[in-house]
Amino acid sequence: MAGVIARYGHRMDIAGVNDPVSIEEGSTPLIPAPRLAAALGIPDSQLFLKFEGLNPTGSFKDRGMTTAITDARAKGAKAVICASTGNTAAS
């Protein structure tokens, strides 16, 4: 399984990415939501929910953090600091 940078890096403005940082984030499933679609008056084949809790740390923030750290590495950063006590630090 590849991470976000491997799949979408060509669409990002990150120069010199030879070694992306990844914890194999992304690839979370889209789950059909027919009852919610019905309640909202949307055809049930058109409403899906993204299950981001299946990312490695259980957070959607895995996607952004892998991008930020890959960008920092590409720019030559030797260290990064993250002020967080929650999901961002875990990611």
Side-chain angles (χ1 to χ4, degrees):
M1 180 186 310
V4 170
I5 303 297
R7 285 192 306 277
Y8 303 108
H10 65 283
R11 296 179 180 211
M12 298 178 192
D13 186 21
I14 301 175
V17 176
N18 297 320
D19 189 20
V21 176
S22 177
I23 54 175
E24 297 186 5
E25 68 294 327
S27 298
T28 55
L30 285 171
I31 301 170
R35 290 189 341 201
L36 180 58
L40 296 173
I42 300 169
D44 63 357
S45 62
Q46 295 181 6
L47 184 64
F48 295 84
L49 304 175
K50 191 77 167 147
F51 192 175
E52 293 292 81
L54 291 180
N55 269 311
T57 70
S59 172
F60 73 96
K61 292 184 179 182
D62 290 355
R63 295 174 187 273
M65 291 308 292
T66 190
T67 304
I69 300 303
T70 296
D71 188 44
R73 176 186 277 180
K75 291 177 178 170
K78 302 292 181 207
V80 295
I81 296 172
C82 175
S84 171
T85 59
N87 291 342
T88 300
S91 292

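- Of all heavy-atom pairs spanning Leu54 and Thr28, the tightest one is C-CG2, 3.9 Å.
- The OH atom of Tyr8 lies 11.5 Å from the OG1 atom of Thr67; values are rounded to the nearest 0.5 Å.
- Among all heavy-atom pairs drawn from Ala90 and Thr57, the shortest one is O-CG2, 3.4 Å.
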Discussion item. Under the criterion side chain to side chain contact (heavy atoms under 4.5 Å, CB included), I'd like the reasoning laid out for Leu30 against Leu49: C-alpha separation, chi angles, the key distance, then a yes or no.
Written reply: CA-CA 5 Å; Leu30 285 171; Leu49 304 175; over 6 Å; no
Item to complete: Start with the C-alpha gap between Ile23 and Thr66, add the side-chain angles, then the distance that decides, and say whether side chain to side chain contact (heavy atoms under 4.5 Å, CB included) holds.
Response: CA-CA 8 Å; Ile23 54 175; Thr66 190; 5.9 Å; no
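- Criterion: ILVMFWY side-chain heavy atoms under 4.5 Å apart, direct or through other members. Under it, Ile42 and Leu36 are part of a common hydrophobic cluster.
- Heavy-atom contacts from other residues, nucleotides or ligands closer than 6.0 Å to CZ of Phe48 number more than 12.
- Contact annotation: the side chain of Glu52 approaches that of Arg63 to within less than 4.5 Å [non-hydrogen atoms, C-beta and beyond].
- Using modelled atom types, one side-chain atom of Ser91 and one backbone atom of Asp62 make a donor-acceptor pair closer than 3.5 Å.
- Taking 4.5 Å as the limit, every side-chain heavy atom of Met12 sits out of range of all side-chain heavy atoms of Thr70.
- In this structure, Pro34 and Pro32 have side chains that are in contact, with non-hydrogen atoms separated by less than 4.5 Å.
- With sequence neighbours left out, the side-chain hydrogen bond (donor to acceptor under 3.5 Å, both in side chains) criterion links Ser59 to no other residue.
- Judged as a side-chain hydrogen bond (donor to acceptor under 3.5 Å, both in side chains), and not counting sequence neighbours, Ser84 has no contacts.
- A distance-only check finds no donor-acceptor pair linking the side chain of Asn55 to the backbone of Glu25 [under 3.5 Å].
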